[in-house]
Amino acid sequence: MKKVIALVLIFFITTLAVNAQNISLIYINGSNNNNEKMKNWFMNGIEKKLHPSIIKKIKNEKKKNLTLNKYSINEKPVIFFWGDKSKTDLEFVERQLDFSNDFNALGSAIARTLIAKYMHDAIWVQKTHNMLPILDELNEMVKAEWQKGNKSVLMGYSAGNFVNYEYLFNKIPYINIEGIFKYLNVDNEVINYVLKNPRKNTCMSAIRYGNMGTVTTAGHLILDKNNQNLIKNYSKIDEVTEKYCAPEGAILGTIGFANPLILFYSDLGDPDYEINFYNKYLLKYMIENGMFKITANFKEDPLGFTTGDTLTYREIENLLGYKFENPTGFIYSKSYWSGRIFTVAHTSYWSGHRRFANMLSKTLYDGYKFQHDKDFQQKMLKKRNKVNKN
């Protein structure tokens with residue numbers, strides 16, 4: 001286990017920006033956290049249980065294995081809470097519930113109540129007009145941490161994983177405007193202007209807020225058809241990028257737990273869904289810039305979905321059709337036994353905080369080692385192939 005934590009810490013060190021001295025863990029709530037009782041459950045669980053266990057795990061190994069004089073993981077967790085924003089909508093739904101006097105209908109009425117209580121927020125937060133203000137608010141928190149000298153790791157619990165994904169897709173500056181314009185067959189007049197007046201990489205939010213275009217619900221990026229308007233807004237895109245995108249290097253990675261993303265975002269597996277074209281370049285950016293995206297679930301958690309097979313850099317390159325330049329980041333997903341029964345496992349990450357801290361360390365270790373230790377990689381690939389055959 002000492003070796004596990006040592007390698008995790010080495011990964012943190014090698015991916016930190018020179019001007020970022022610390023790491024802030026930003027915890028993002030899930031669904032059914034929209035009343036005061038559940039808000040306190042979420043926040044107290046982080047502040048008193050989960051975060052202290054993670055810090056203790058890292059600190060113990062830090063003293064034994066490495067001298068970390070350039071940075072540390074901040075003792076105080078940063079909590080981003082969006083649950084209260086869905087409260088009004090949920091109250092409206094609850095008022096519409098029909099509790100009939102017919103005894104035979106009582107069962108379905110109870111079922112509707114439970115669905116509204118536990119699933120409403122997960123559906124609510126996916127709607128674009130609800131999600132975008134949440135992402136903007138989270139980005140201000142990330143920028144504030146960056147200005148303090150802190151890199152951020154986004155810790156998404158349950159539906160907080162939707163926020164994790166949407167933040168990466170909308171706020172990370174992975175978009176090369178010249179490349180996107182060529183892909184979308186923009187007029188040569190615009191392309192020529194872009195070639196003569198290059199701008200920095202930008203993000204989806206900047207394209208939207210900079211009035212250059214928007215992403216439709218069908219997953220298409222639609223740009224302004226008026227060439228002069230597009231050129232005018234393109235010329236100002238650097239200022240918009242600074243305002244609405246994450247600063248370069250501000251996000252070290254994301255950690256998802258109790259993760260239902262695959263269930264609710266299953267269209268990410270559809271090759272004809274155009275958003276997946278942009279996801280390829282997001283993935284390329286993350287891996288080439290030392291970012292990680294991991295998922296660590298309890299196996300008994302019915303809403304804890306793994307994100308599929310872990311692929312080597314070469315396998316990802318073959319799948320997506322491009323070559324990585326100096327790949328250092330990784331994506332990894334693993335589930336572990338918690339000893340909880342399935343009916344309570346989804347909310348047991350607080351009570352099982354020590355076990356989860358161990359899981360988190362091992363997942364970071366395995367994910368990094370899978371890409372950089374060939375012997376370990378071959379061992380894991382043999383296990384994967386054996387499972388897939390069965």
Side-chain angles (χ1 to χ4, degrees), residues 1-15 23-28 30 41-42 44-66 68 72-79 153-158 160-161 164 252-260 292-307 310 330-342 344-373 376-377 379-380 383-384:
M1 185 55 68
K2 294 178 182 178
K3 185 179 179 182
V4 170
I5 303 301
L7 191 51
V8 171
L9 293 173
I10 289 171
F11 171 74
F12 276 131
I13 291 173
T14 57
T15 54
I23 297 170
S24 289
L25 302 185
I26 301 180
Y27 294 84
I28 304 171
W41 170 83
F42 176 75
N44 289 337
I46 291 168
E47 293 172 347
K48 297 178 180 180
K49 296 178 180 180
L50 190 57
H51 189 70
S53 287
I54 293 172
I55 292 295
K56 183 178 179 180
K57 194 74 180 172
I58 298 298
K59 270 197 167 183
N60 284 345
E61 296 299 327
K62 170 182 170 180
K63 294 176 182 177
K64 296 175 183 178
N65 293 290
L66 296 168
L68 303 179
S72 63
I73 300 176
N74 291 328
E75 294 279 348
K76 186 175 180 180
V78 180
I79 297 178
V153 174
L154 305 183
M155 306 280 291
Y157 168 68
S158 190
N161 286 280
N164 267 3
L252 179 59
T254 67
I255 294 173
F257 55 109
N259 188 352
F292 66 82
K293 184 178 184 295
I294 70 167
T295 298
N297 296 317
F298 287 155
K299 283 190 175 184
E300 299 92 337
D301 182 353
L303 289 175
F305 288 75
T306 59
T307 54
T310 297
F330 65 90
I331 296 176
Y332 196 75
S333 178
K334 190 71 180 289
S335 294
Y336 306 81
W337 293 109
S338 68
R340 269 68 179 175
I341 60 174
F342 77 94
V344 299
H346 190 65
T347 55
S348 293
Y349 294 84
W350 299 175
S351 60
H353 53 95
R354 293 184 185 87
R355 187 180 293 269
F356 179 74
N358 291 337
M359 288 168 44
L360 176 58
S361 293
K362 181 167 175 51
T363 306
L364 281 166
Y365 167 73
D366 286 354
Y368 182 73
K369 194 176 180 184
F370 178 77
Q371 299 295 353
H372 298 282
D373 184 323
F376 182 81
Q377 184 182 97
K379 179 181 176 181
M380 296 294 289
K383 286 185 177 180
R384 187 189 74 185

For [X] against [Y], the heavy-atom pair lying closest together:
X: Gly30; Y: Ser158; answer: CA-CB, 4.0 Å
X: Ile255; Y: Asn164; answer: O-ND2, 3.5 Å
X: Ile28; Y: Gly160; answer: CG2-CA, 3.9 Å
X: Met155; Y: Leu25; answer: CG-CB, 4.1 Å
X: Val78; Y: Ser24; answer: CG2-CB, 4.1 Å

Is the distance between the ring centroids of [Y] and [X] under 6.0 Å?
X: Phe330; Y: Phe370; value: no
X: Tyr27; Y: Tyr157; value: no
X: Trp350; Y: Phe356; value: no

(message) Main chain of Thr363, side chain of Asp366: is a donor-acceptor contact present, judged purely on distance under 3.5 Å?
(response)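 No, the answer is negative, given that no donor and acceptor are paired below the 3.5 Å cut-off.
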
(request) May I ask you to decide if Ser335's main-chain N or O and Asn297's side chain share a donor-acceptor pair within less than 3.5 Å? (result)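 Between the backbone of Ser335 and the side chain of Asn297 there is no qualifying donor-acceptor contact (under 3.5 Å).
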
How many angstroms lie between [atom1] in [X] and [atom2] in [Y], if you round to the nearest 0.5 Å?
X: Lys293; Y: Thr254; atom1: NZ; atom2: OG1; result: 5.0 Å
X: Lys379; Y: Asp373; atom1: NZ; atom2: CG; result: 10.0 Å
X: Thr295; Y: Tyr332; atom1: OG1; atom2: OH; result: 11.5 Å
X: Arg354; Y: Lys56; atom1: CZ; atom2: NZ; result: 6.5 Å
X: His51; Y: Glu75; atom1: NE2; atom2: CD; result: 6.5 Å
X: Gln371; Y: Ile331; atom1: CD; atom2: CD1; result: 9.5 Å

(request) Report yes if some heavy atom in the side chain of Ile79 is under 4.5 Å from a heavy atom in the side chain of Phe42; otherwise report no. (result)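 Side-chain contact under 4.5 Å: yes.
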
(request) Show the numbers, then the answer: is there a side chain to side chain contact (heavy atoms under 4.5 Å, CB included) between Tyr349 and Phe298? (result) CA-CA 8 Å; Tyr349 294 84; Phe298 287 155; 3.7 Å; yes

